[in-house]
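One structure is given below, encoded as structure tokens.
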Amino acid sequence: MSDLIADLPKGPLTPFRETATFDWKALKVHLEGEESIKFKNEVYAVLSRDPIFARDFSRPSTDEYREINHKRWKAVLEHQFIDDFFAELERTQDLLEILETYDQGLSGRYALHANVFFSAILTIGTERHAEILEKTRNNEIVGCFCLTEVSHGSNTAEIGTLATFDKGEFVFTTPHDGAIKCWAGNLAQSATHAVVFARLIVGGKDHGPHAFALQVRDPNNYRSLPGITIGDMGTKPGVWDGVENGWMSFSNHRAPLWTLLNKGCDVTESGEYKSAYSSSRERQSVSLGSLSAGRIGANACRLAATIAIRYSCARHQFGEKPGSDNERAVITYPLQRHRLFPILAQAYVIRLYQSKLMNHFREYMMRMVGGEKSPELAELSKEVHGLSSCTKPLATWMGVAALGEARTCCGGHGFLQSSRLNNLRDDFDPSQTFEGENNVLLQQTSNWLVAKKAAGGDLKSPMGTTDFLVDGGALVDGPVVRRVLGAYTWLVHHLIAKTEMRHKELKAQGKSSFDVKNESQIYTAHTLSIAYGERVMLSWAQAFVDDAPIAFKSVLQRLVNIFALDRIEKHLSTLYIGGFCSGGSFGEWVRNTLIDEETLLAPDAISLVDVIAPPDFVLNSALGSSDGRAYEHLMAEFRRHTDKRTPFWGDLATFLHHKQQSKL
Ligand SMILES: Cc1cc2nc3c(=O)[nH]c(=O)nc-3n(C[C@H](O)[C@H](O)[C@H](O)COP(=O)(O)OP(=O)(O)OC[C@H]3O[C@@H](n4cnc5c(N)ncnc54)[C@H](O)[C@@H]3O)c2cc1C
């Protein structure tokens, strides 16, 4: 096992490791699999030897960031870790996980080209786009994804860019500033190609937004093509400064017909529009379905838990008796554990959930790309969309909140650049907005759930995530997760009923269906999506624990229990108001059991962190290093800035001198 996973250095964390009730290396192998660990080891070894990936805690300028990001991206491609992004989906996910933990800006640059641009063309293009896919695979071009415009992000149906059929070509125009494409990562400086969404106009008729694979720059001289203007959006916080989010406008840019990504629709040479979709809404949902690929992935909790729990073991404050030898590690305080262990539990549960979702998603993509058209696939498509539309918000909200909490759990030193926590919080922050704004996305889930329940018939679904709706849910006894799942089942039923009731009330008041949706979000549809997403995450994580070998069962169960209790605690008011329970006993049970579980998890906490922690050079945190020698790393950084005479020392000395003179 030591060949596969290196031993960790001895030091201040050793006593905390010695209390573990399980073998951390064996759990790592069980969770990730030998193949995946070997591949990641290979990548880590290559990156740690390549000087372009060396870094310290200093903050580069925007231009330096962009250049280093470009060089690192090029190095990742040159190292040829992946031959085919699509055929090697698991390796691609592993590589993206490494890049995301190393630097979100780098993973953003890589994923926009290899994942977002490529999957959009693969899923909504046809054989006539094979060449562009091949060039993407071979990295002969750089791709980006241009959907958002200055005045429209979430409401993609109202984008304003036009692609008008004219004499066997499309003419792209930007009718006003609000229709300028923006936010597209890779666009401002590097992209040669873009998937561009524009309204298709044929014979004067507006057929709504369609996707096109356009060349936007000449790769030989990096000038934009005629009729295209490209610019940069300015500086951004954290590593996103290294990602060139760009804007683009069109002025009669002409492109050939083949650029239309034509799965299910096309325009003939003579200007006839054909579509296999019953509505532009259906076509739009197929076009944007490819974005679901990005709606999974959450390393934020993992990084937050690693840095803050390791530091909390190394950091000692207060003790019963005076004297610094008697001070306790801050991790021993129940309040610190109550702030950090739910984050550790989230890191595990999100991961377990993701790996199952990826299996379903892979199968779904294969069937889609294979051209299957079956009622079961249509149901699966709705379910993938409904589920990812709530678990992406949940995972990203948990992640950003975790990084904020982790930073304060590390006190003042947590605020330093060298802790990396504030930076990470900035880096993960936009994940709450891109690939679908979280609050807007949640509406997709509740719409789907309410419609599914209203349609009656079979409530079961291809992935089984709505099967529980068949049963009403009630207060039950038994193990923690069984009890909590009972509460969630009741909660989801209750919230569907509340949402439907609110719909009826609003309709009776003569409200439009638009207002009905908007006015039934707060405490109803919005909470419904959250409760359903959490329930699925919890039940999938529990299924993993049920199948786990005996050696890890109890420690994993404890983590899943903490996740269950921490999440359901946030719904206690709704459970009481709705009448699921009365008196204090259920609420008291949730809270007391959570505290008990956190106490029982303590001996295993640091080893659970070791299982999910990236190597130190990827983590790049003075506080979170695996040797636990936080003060030594901090002091090494402090000493790099010793006795540096400020460049304005002369001006300061003159100023002080004048002040002294004027007093005389
Ligand atoms: C770092 C970063 C990278 C990005 N990369 C890309 C890219 O590569 N390509 C690309 O095309 N785009 C990209 N985007 C854009 C991103 O996809 C959009 O910002 C996102 O879809 C949200 O749209 P918006 O900004 O228009 O927000 P808006 O929709 O304007 O949202 C503003 C606020 O209004 C609320 N709101 C909106 N509608 C409703 C409603 N019906 N009910 C209740 N509340 C509502 C939202 O919750 C939010 O609080 C990126 C964005 C960021 C920050």
Side-chain angles (χ1 to χ4, degrees), residues 65 69 100 103-120 142-161 178-191 193-198 209 211-212 214 216 230 232-248 284 287-288 290-295 389 392-393 396-397 400 425-447 512-527 529-530:
Y65 236 141
N69 210 19
E100 189 174 87
D103 182 323
Q104 276 255 318
L106 177 59
S107 68
R109 187 182 171 100
Y110 183 87
L112 278 161
H113 166 76
N115 215 340
V116 182
F117 174 77
F118 183 82
S119 351
V142 178
C144 68
F145 187 84
C146 301
L147 174 60
T148 306
E149 296 179 353
V150 170
S151 58
H152 288 101
S154 305
N155 189 9
T156 51
E158 296 302 333
I159 57 168
T161 303
I180 289 176
K181 291 288 172 197
C182 62
W183 274 115
N186 286 355
L187 174 64
Q189 287 160 311
S190 300
H193 287 69
V195 165
V196 174
F197 285 76
F212 301 80
L214 293 188
V216 295
I230 296 174
D232 187 75
M233 293 183 72
T235 53
K236 295 177 294 293
V239 291
W240 286 96
D241 217 14
V243 181
E244 328 142 7
N245 292 95
W247 60 267
M248 175 162 63
Q284 183 84 340
S287 316
L288 297 179
S290 58
L291 280 184
S292 300
R295 290 201 187 141
S389 294
K392 179 266 180 182
T396 52
W397 275 330
V400 176
R425 194 184 50 198
D426 280 351
D427 302 345
F428 280 90
D429 179 312
S431 64
Q432 302 168 107
T433 301
F434 60 52
E435 289 168 3
E437 200 283 327
N438 280 359
N439 294 283
V440 177
L441 271 184
L442 284 184
Q443 300 183 23
Q444 313 270 335
T445 308
S446 54
N447 290 348
S512 68
S513 58
F514 182 68
D515 282 339
V516 166
K517 285 246 164 73
N518 294 328
E519 292 179 33
S520 56
Q521 291 299 317
I522 309 167
Y523 301 131
T524 41
H526 191 266
T527 323
S529 304
I530 292 174

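Start at 1 and go down the list; that is how both ligands and their atoms are numbered. Worth saying up front: this structure is predicted, and the values here are computed from it rather than measured.
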Roughly how far apart are Asn155 CG and Thr148 OG1, rounded to 0.5 Å?
11.5 Å

At a non-hydrogen distance cut-off of under 4.0 Å, which region of Asn245 contacts ligand 1 (side chain, backbone, both, or neither)?
side chain

Quick one: pull up CG in Asp426 and CD in Gln104 and give me the separation to the nearest 0.5 Å.
11.0 Å

So if I count the atoms of ligand 1 from 1 in the order they appear, which ones are less than 4.0 Å from some heavy atom of Leu147?
11 (O)

Please say whether Phe434 places an N or O atom under 3.5 Å from an N or O atom belonging to ligand 1.
no

Would you mind listing which atoms of ligand 1 come within a distance below 4.0 Å of any non-hydrogen atom of Ala184?
7 (C), 8 (O), 9 (N)

Is atom 53 (C) of ligand 1 less than 4.0 angstrom from at least one protein heavy atom?
yes

Per-atom contact, atom 28 (P) of ligand 1, protein heavy atoms, under 4.0 angstrom:
yes

Closest protein heavy atom (residue, atom, distance) for atom 8 (O) of ligand 1:
Gly185 N, 3.2 Å

To the nearest 0.5 Å, what is the distance between CD on Glu244 and CG on Asn69?
8.0 Å

Which segment of Pro430 sits under 4.0 Å of ligand 1 when only heavy atoms are counted:
side chain

Ligand 1 to Val440 polar contact by distance, N or O atoms, under 3.5 Å
no

Go through Lys392 and Asn438 one step at a time and tell me if the side-chain contact (heavy atoms from CB on, under 4.5 Å) criterion holds.
CA-CA 7 Å; Lys392 179 266 180 182; Asn438 280 359; 2.8 Å; yes

Are Gln443 and ligand 1 in contact, using a heavy-atom cut-off of under 4.0 Å?
yes

Criterion side-chain contact (heavy atoms from CB on, under 4.5 Å) on Tyr65 and Thr235, from CA distance to verdict:
CA-CA 11 Å; Tyr65 236 141; Thr235 53; over 6 Å; no

Taking atom 4 (C) of ligand 1 as the point of reference, which of Phe117, Trp183, Phe514 owns the nearest heavy atom?
Trp183

Quick check: Ser154 and ligand 1, any N/O pair under 3.5 Å apart?
yes

Look at the side chain of Thr156 and the backbone N and O of His152, then say whether any donor-acceptor pair between them is shorter than 3.5 Å.
no

Of all protein heavy atoms, the one nearest atom 20 (C) of ligand 1 is Thr433 O, 3.3 Å

Test of understanding: given a 4.0 Å heavy-atom threshold, classify the contact between Leu112 and ligand 1 as side chain, backbone, both, or neither.
side chain

Please check this pair: side chain of Trp183 against backbone of Glu149, looking for a donor-acceptor N/O pair closer than 3.5 Å.
no

One residue to check: Asn439. Relative to ligand 1, which of side chain, backbone, both or neither has a non-hydrogen atom less than 4.0 Å away?
side chain

Look up atom OG in Ser512 and atom NZ in Lys517, then write down how far apart they are to the nearest 0.5 Å.
10.0 Å

Which of the numbered atoms in ligand 1 are below 4.0 angstrom from a heavy atom of Phe145?
7 (C), 8 (O), 9 (N), 10 (C), 11 (O)

Value for OG (Ser154) from CD (Gln443), rounded to nearest 0.5 Å, stands at 9.0 Å

Is the OH atom of Tyr523 crowded by more than 12 outside heavy atoms at less than 6.0 Å?
no

Quick one: are Thr445 and Ser389 in side-chain contact, heavy atoms under 4.5 Å?
yes

Tell me, which protein residue and heavy-atom name are nearest atom 18 (C) of ligand 1, and how many Å apart are they?
Thr148 OG1, 4.0 Å

Can a protein heavy atom be found under 4.0 Å away from atom 10 (C) of ligand 1?
yes

Can you confirm whether something in the protein, heavy atoms only, sits under 4.0 Å from atom 25 (O) of ligand 1?
no

Using modelled atom types and a 3.5 Å cut-off, is there a donor and acceptor pairing between side-chain atoms of Trp247 and backbone atoms of Ile230?
no

Using the rule given for side-chain contact (heavy atoms from CB on, under 4.5 Å), can you reason through Tyr110 versus Glu100, listing the C-alpha separation, both sets of side-chain angles and the distance that settles it, and then say yes or no?
CA-CA 10 Å; Tyr110 183 87; Glu100 189 174 87; over 6 Å; no

Does the protein place any heavy atom closer than 4.0 Å to atom 32 (C) of ligand 1?
no

Could you pull out, from Glu437, Gln104, Glu149, Lys236, the option with a heavy atom nearest to atom 48 (C) of ligand 1?
Glu437

